[in-house]
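Throughout, a chain's letter reflects where its sequence line sits, starting with A, and its residues are numbered from 1. The shown structure was predicted, so the numbers you read here are calculated from the model rather than taken from an experiment.
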Number of protein chains: 2
Amino acid sequence: MIKPRSRRGGGRPTISDVARKAGVGAITVSRALREPERVSLDLRRQIQAAIDELGYVPDPNARALASARAEVFGVLVPSLTNNVFAEVVRGIYDSLSDSPFRIQLGNTHYSGLEEERLLQLFGSQRPAALIVAGIDQTPTSRKLLENAGCPVVQVMETGPDPVDMMVGFSHLDGGRTATDHLIEVGYRRIAFIGARMDPRSQRRLAGYRAAMEKAGLFDPRLITTTPLLSSVPLGRELFRDALAKMPTLDGVFCNNDDIALGVLFECHRAAIDVPKTIGIVGFNDLDMMQVAYPSITSIRTYRYEIGRRAVAMALAAIAGDRPQVRVVDLGFELKRRESTAR
Amino acid sequence: MIKPRSRRGGGRPTISDVARKAGVGAITVSRALREPERVSLDLRRQIQAAIDELGYVPDPNARALASARAEVFGVLVPSLTNNVFAEVVRGIYDSLSDSPFRIQLGNTHYSGLEEERLLQLFGSQRPAALIVAGIDQTPTSRKLLENAGCPVVQVMETGPDPVDMMVGFSHLDGGRTATDHLIEVGYRRIAFIGARMDPRSQRRLAGYRAAMEKAGLFDPRLITTTPLLSSVPLGRELFRDALAKMPTLDGVFCNNDDIALGVLFECHRAAIDVPKTIGIVGFNDLDMMQVAYPSITSIRTYRYEIGRRAVAMALAAIAGDRPQVRVVDLGFELKRRESTAR
DNA sequence: CGGGAAAATGGTAGCGCTACCATATCGTTG
DNA sequence: CAACGATATGGTAGCGCTACCATTTTCCCG
């Protein structure tokens with residue numbers, strides 16, 4: 001006699017328990033859950049009653065195995081604590097909270113290798129969609145994305161040649177706009193201060209450089225960067241370095257708002273007048289920028305919206321109507337504030 | 001004749017492909033992957049070669065289904081953008097990055113109902129462990145946690161009666177310590193300003209109240225709170241409200257550092273001298289506190305370490321040696337800075 | 001060098017679900 | 001009212017893996 005393997009799962013009800021209780025076939029329960037319109041109202045009610053009574057919850061693993069498709073969005077970001085990515089992730093979560101999709105979040109730590117490893121891992125789950133930050137994947141990563149067999153959205157940046165879809169904005173233009181603003185308002189010896197020089201930061205720097213060169217103001221000694229992770233204290237340090245290197249500087253375009261805040265604090269401490277002596281521009285426009293004293297000019301970016309849009313596009317692609325426009329540029333906005341009000 | 005269902009998975013190699021290529025049984029491949037010491041070195045090498053050649057990656061869904069246990073840590077936090085939780089999550093990710101465990105992250109939005117829903121969902125995956133923020137679960141959530149059949153770690157706070165294990169610190173003591181410090185330094189009309197009054201904030205407030213009452217300084221009009229989500233701009237608003245209500249206040253204990261920063265900026269703007277006219281204490285000690293001008297006194301908490309410790313404890317429990325001490329208090333530290341240097 | 005235990009390997013039967021196909025039921029129409 | 005397509009339901013097999021047990025091989029020791 002065959003001894004059935006004792007319920008390994010600890011006796012949680014299965015779909016056949018529900019089916020038995022409702023007096024229908026297991027398949028009908030499955031259908032009632034996934035395509036209710038194909039099951040008569042009567043049975044649907046009966047089945048729902050059985051589900052409620054038993055406290056049945058479908059096993060996503062069994063479901064994924066049987067259907068060769070997991071209801072999972074894989075999301076890859078380079079940092080979890082950087083507010084910018086946290087906002088994107090929040091947008092993704094909020095957009096998916098009412099859907100059956102779960103989220104598998106990976107932290108690449110700005111490492112291409114780590115990204116490849118995670119992509120490999122995520123791919124093994126046959127996710128419904130993949131959302132990855134950035135457009136500078138390694139060739140290996142790119143191949144993994146192309147062969148993922150699901151919609152892929154690259155976020156944060158736009159660029160040519162998307163793997164599939166893209167939502168973001170031009171960091172180069174952002175950097176240029178910020179720098180142009182400083183020039184326009186009258187600053188001349190404008191420094192660039194940046195930490196964690198990832199590809200997006202590099203492009204902001206390129207935008208800065210383009211603007212400076214165009215105005216005939218470029219000087220490589222105005223640039224201070226570090227590979228260290230960005231933070232407010234680091235912003236302060238870098239600003240002091242920049243000032244030591246170039247005591248006559250009269251403006252700063254910061255890689256991001258953390259750095260800008262560090263610069264502002266150091267100006268306070270050193271009794272440097274902002275905006276009279278030095279003008280400051282940040283990047284991303286965290287909400288604290290507008291209440292800082294003086295309030296800090298920054299490039300507003302739409303991180304939360306990027307997350308939402310990425311999900312919307314992926315969902316559309318899953319549903320079969322792949323969007324016509326595959327690269328969405330959400331733009332940015334220069335917020336002029338007191339820190340450059342000269 | 002039986003027509004085998006054509007590879008639904010899109011032809012990715014399976015464990016039997018590897019077994020065939022290596023000339024062994026499928027079980028042996030499985031074993032080589034999970035308990036290598038039980039397979040001879042020879043076969044292990046052969047199998048590894050086959051795996052590399054085919055690019056085989058095990059299917060976690062099949063694995064979870066067969067073993068009734070997913071290699072997943074379920075993590076539930078109330079917010080993704082709040083730096084405090086982001087740090088905890090980062091600690092968790094870092095501790096798990098070299099393990100076979102994946103992470104399923106849920107955002108409860110500070111809602112008990114949402115927490116129940118997510119717990120239900122996560123439970124259906126038979127996770128290897130659950131890490132949840134806070135100790136004030138609803139009765140339903142608590143039951144779900146107790147029946148999860150896996151190690152459970154409640155983080156951020158300590159308290160009596162853990163579901164299983166706990167890592168955190170006493171917010172009540174933290175609030176008291178912060179307030180005591182203000183009193184000790186000479187402030188008298190000390191306000192409490194708090195946003196998003198979740199249970200932890202409530203306990204900090206209770207600590208504040210205890211300290212104030214003990215010193216005979218308590219006055220309910222000194223308290224200003226709001227259910228709104230915390231932010232720097234909101235800190236500024238609340239401080240203005242508090243000041244309008246109680247123009248003579250000379251100190252502020254802020255619910256958290258965002259609020260404290262908002263207060264500091266408003267003081268700058270209103271030309272209120274810090275620390276002479278007003279003293280400020282924050283909570284959590286974000287790294288920007290020490291570079292702010294003036295630097296802000298705060299209660300240092302060990303968020304990253306909480307994440308790491310939670311994982312360590314869960315991992316130990318999974319491995320079978322459940323820690324003797326089930327409630328770990330990581331404490332906190334008062335960082336005295338310029339904002340209260342009177 | 002035989003016997004027994006330990007180590008190494010394999011076979012079978014599911015885990016809980018869904019794809020695929022078969023069957024039953026119903027209403028419609030010439 | 002037979003014939004037919006549409007609708008509703010069910011049965012079977014299998015997704016890729018591992019638990020459980022059986023079998024084979026190796027090693028040790030008296």
Side-chain angles (χ1 to χ4, degrees), chain A residues 1-20 22-47 51 54 56-71 100 123-126, chain B residues 1-20 22-47 51 54 56-71 100 123-126 128 149:
Chain A
M1 201 196 114
I2 301 160
K3 168 173 41 159
R5 206 189 306 193
S6 66
R7 271 290 174 62
R8 299 194 214 152
R12 292 177 355 121
T14 73
I15 203 170
S16 16
D17 295 331
V18 175
R20 203 171 313 119
V24 299
I27 215 52
T28 306
V29 176
S30 172
R31 238 182 324 244
L33 256 31
R34 290 175 304 120
E35 344 169 55
E37 71 286 356
R38 294 178 42 67
V39 175
S40 69
L41 191 60
D42 260 16
L43 278 195
R44 233 148 67 202
R45 269 208 269 267
Q46 245 167 278
I47 290 169
I51 287 177
L54 293 172
Y56 168 73
V57 183
D59 182 331
N61 297 119
R63 191 173 261 189
L65 182 59
S67 66
R69 185 51 73 207
E71 292 185 316
S124 69
Q125 293 183 68
R126 307 147 189 282
Chain B
M1 203 199 111
I2 301 160
K3 168 174 40 159
R5 208 189 305 195
S6 66
R7 270 292 171 61
R8 300 193 215 152
R12 292 176 357 121
T14 73
I15 203 169
S16 15
D17 295 332
V18 175
R20 203 170 313 118
V24 299
I27 267 306
T28 306
V29 176
S30 171
R31 234 175 335 239
L33 255 31
R34 289 174 307 121
E35 344 168 55
E37 71 286 355
R38 296 178 43 67
V39 175
S40 69
L41 192 60
D42 260 17
L43 279 195
R44 234 148 67 203
R45 269 207 270 268
Q46 243 165 279
I47 290 168
I51 287 176
L54 293 172
Y56 168 73
V57 183
D59 182 330
N61 296 120
R63 191 172 260 191
L65 183 58
S67 64
R69 187 49 74 205
E71 292 186 317
S124 69
Q125 292 183 67
R126 305 148 189 280

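When each of A:L33, A:T28, A:V39 is tested with A:R44 by the rule side chain to side chain contact (heavy atoms under 4.5 Å, CB included), just one qualifies, namely A:V39. Just one residue in the list A:R63, A:R34, A:R126 forms a salt bridge (Lys or Arg N to Asp or Glu O under 4.0 Å) with A:E71, and that residue is A:R63.
Rounded to an integer number of Å, the gap from CZ of B:R63 to P of C:dG14 is 22 Å. Following rounding to the nearest Å, A:D59 (CG) and D:dC15 (C1') show an atom-to-atom distance of 13 Å. In this structure, CD of A:E71 is placed 13 Å from P of C:dC17, rounded to the nearest angstrom. Atom CZ in B:R69 sits roughly 16 Å away from atom C1' in D:dC17 (whole-Å rounding). Taking atom CZ of residue A:R20 and atom P of nucleotide D:dG11, one finds them 13 Å apart after rounding to whole Å. In this structure, the CZ atom of A:R12 is 8 Å from the P atom of C:dC17, given to the nearest Å. At whole-Å resolution of the value, CG in A:L43 and C1' in D:dT9 are 8 Å apart. Protein atom CG of B:D42 is 8 Å distant from nucleotide atom P of C:dT9, rounded to whole Å.
In terms of polar N and O atoms assigned as donor or acceptor, the side chain of B:R126 never comes within less than 3.5 Å of the base of C:dG16 in a complementary pairing. Between the side chain of A:R31 and the base of D:dG10 there is at least one donor-acceptor pair of N/O atoms closer than 3.5 Å.
Set against C:dC17, D:dG10, D:dC17, the side chain of A:T28 has D:dG10 as its closest nucleotide. Closest approach to the A:Y56 side chain among C:dC17, D:dT18, C:dT18 is made by C:dC17 (side chain taken as heavy atoms from C-beta onward). Of the candidate nucleotides D:dG16, C:dT18, D:dT18, C:dT18 has the atom nearest to the side chain of A:S30. With D:dT18, D:dT9, C:dT9 as the choices, the nucleotide that has an atom nearest any side-chain atom of B:I27 turns out to be D:dT18. Side-chain proximity of B:S67 to the nucleotides C:dG10, D:dT18, D:dG16 is greatest for D:dT18. Which of D:dT18, C:dG16, D:dT9 sits closest to the side chain of A:S40 comes down to D:dT9.
Taking the nucleotide of DNA chain C with the nearest heavy atom to each of B:R38 and A:E35, the more 5' of the two is matched to B:R38.
Remark: A:I15 CD1 to A:R20 CZ distance equals 12.0 Å, nearest 0.5 Å.
Scanning both residues, B:A70 and B:Q125, for their nearest heavy atoms gives CB-O, 3.3 Å. Considering every non-hydrogen atom in both A:L43 and A:V24, the closest pair reads CD2-CG1, 3.5 Å. Minimum heavy-atom separation, A:N61 to B:L65: CB-N, 4.4 Å.
Counting heavy atoms from C-beta outward, B:P58 and A:S124 have side chains that stay 4.5 Å or more apart.
Each end of the helix from C:dC1-D:dG30 to C:dG30-D:dC1 gets its own rotation axis from five pairs of C1' atoms, and the angle between them is 40° to the nearest 10 degrees.
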